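For reference, the structure discussed in these notes is given below.
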Amino acid sequence: MIKACIFDLDGVVVDTARYHYLAWKRLADGLGFDFTEVHNERLKGVSRMASLNIMLEVGGLTLPDDEKQKLAAQKNEWYLAYIQKMTPADILPGVNEFLRLTRSAGMKIALGTASKNAGTILARIGLSATFDAIIDGNRVTNAKPDPEVFLLAARDLKTDPENCVVFEDAIAGVEAAHNGGMKCIGVGQPDILFEADKVIPGFVGVTLDLIEF
Ligand code: B16
Ligand code: MG
């Protein structure tokens, strides 16, 4: 029986993937190679440095660590400029309604994200005080598909992993949920998220029936 819901942030609660892409593309343009939206799929749910490594692999570049740190910082500066403009209107359709449903059913809710910028995003969209637990990229050592982020969320919520369901838009995130012994609802396209237990296109009209397994 599901007693807690754990939500990924980017791609589930808000659509920041677009801003990540614009910032990475700007970096790639400066380095002299093309970085497409298809390449960008590989970065979803992946930590900042791991994303940079994938991006450099796409461009066929090998760089020293200090140079990589500078590039990651530059990308983050551009990304931060994009997310400063976010408002509560950026919360994806149906998310607030579904969060209310889970609360009124007495469930616990957590955020489980790879992003180190989660605090800024939550403040911009007005959800800082909504979750019972927030686990972000500043609290985890091992990136998805390692289950650390979701196991920490379950621990904070004092709920067994088997009673948790994770909402994820990234393949690595679906794997992380399963690696942690949790159910996973994919948010996005079934052909990409086929490993998830169920897949929804988004939260509009979603009821608690969805999390009955
Ligand atoms: P930051 P999620 C992930 O967030 C994004 O999907 C991924 O594209 C990004 O690289 C990662 O956060 C790190 O973000 O640079 O802000 O620390 O999907 O796990 O909520
Ligand atoms: Mg995501």
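Each residue takes its place number in the sequence, starting with 1. As the structure lists them, so they are numbered: ligands from 1, and atoms in each ligand from 1. These numbers were taken from a predicted model, which means no experiment stands behind them.
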Of the N, O or S atoms in [X], the one nearest the Mg ion (ligand 2):
X	answer
Asp169	OD1
Asp8	OD2
Asp10	O

Can you tell me which residue and heavy atom of the protein come closest to [atom], and the distance to 0.1 Å?
atom	result
atom 6 (O) of ligand 1	Gly45 N, 2.8 Å
atom 14 (O) of ligand 1	Ser115 CA, 3.4 Å
atom 18 (O) of ligand 1	Asp8 OD1, 3.0 Å
atom 15 (O) of ligand 1	Arg48 NE, 2.8 Å
atom 20 (O) of ligand 1	Thr113 OG1, 2.6 Å

Taking heavy atoms and a distance under 4.0 Å, where does Ala114 meet ligand 1: side chain, backbone, both or neither? both

Pick one of side chain, backbone, both or neither for how Leu43 approaches ligand 1, counting any non-hydrogen atom pair under 4.0 Å.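 Backbone only.
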
Of Asn117, Thr113, Leu127, Asp136, which meets side chain to side chain contact (heavy atoms under 4.5 Å, CB included) against Leu122?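 Only match with Leu122 under side chain to side chain contact (heavy atoms under 4.5 Å, CB included): Leu127.
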
For Cys5 against Ile211, the heavy-atom pair lying closest together: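 Taking every non-hydrogen atom into account, SG-CD1, 3.9 Å.
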
Please report the closest heavy-atom contact between Leu56 and Lys68, naming both atoms and the distance. CD1-CD, 3.6 Å

Should the pair Lys25 and Phe35 be classed as cation-pi, given the thresholds of under 6.0 Å to the six-membered ring centre and 45° from the axis?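 Geometry flag: not set, cation outside 6.0 Å or 45°.
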
Relative to Tyr82, does Lys85 satisfy both conditions: NZ or CZ under 6.0 angstrom from the six-membered ring centre, and within 45 degrees of the ring's axis?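 No, a cation-pi geometry is absent between Lys85 and Tyr82.
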
Once the angle between the rings of Phe203 and Phe7 is folded into 0 to 90°, is it parallel (under 30°), tilted (30 to 60°) or perpendicular (over 60°)? tilted

Could you tell me whether ligand 1 has any atom less than 4.0 Å away from a heavy atom of Glu168? no

Number the atoms of ligand 1 from 1 as they appear, then name those within less than 4.0 Å of a heavy atom of [X], with their elements.
X	result
Leu9	20 (O)
Ser51	10 (O)
Lys116	1 (P), 16 (O), 17 (O)

Under 3.5 Å donor-acceptor, Glu195 side chain and Ile171 backbone: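 Judged by distance alone, no pair lies under 3.5 Å.
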
A student comparing Asp10, Val46, Val14 should find that the heavy atom closest to atom 9 (C) of ligand 1 comes from Val46

A quick test of your reading: do over 12 heavy atoms of other residues, nucleotides or ligands sit less than 6.0 Å from NZ of Lys3? no

Find out whether Leu208 and Ile2 are in side-chain contact, i.e. whether some heavy atom of one side chain is under 4.5 Å from a heavy atom of the other.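 When only atoms from C-beta onward are counted, Ile2 and Leu208 do not touch, as no gap falls below 4.5 Å.
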
Can an N or O of Asn76 be found at a distance shorter than 3.5 Å from an N or O of ligand 1?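 No, Asn76 has no N/O under 3.5 Å of an N/O on ligand 1.
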
Using the salt bridge (charged side-chain N to carboxylate O under 4.0 Å, His left out) rule, take Arg139 and Asp156 through it: C-alpha gap first, then chi angles, then the decisive distance, then the call. CA-CA 12 Å; Arg139 283 187 63 191; Asp156 276 14; 3.1 Å; yes

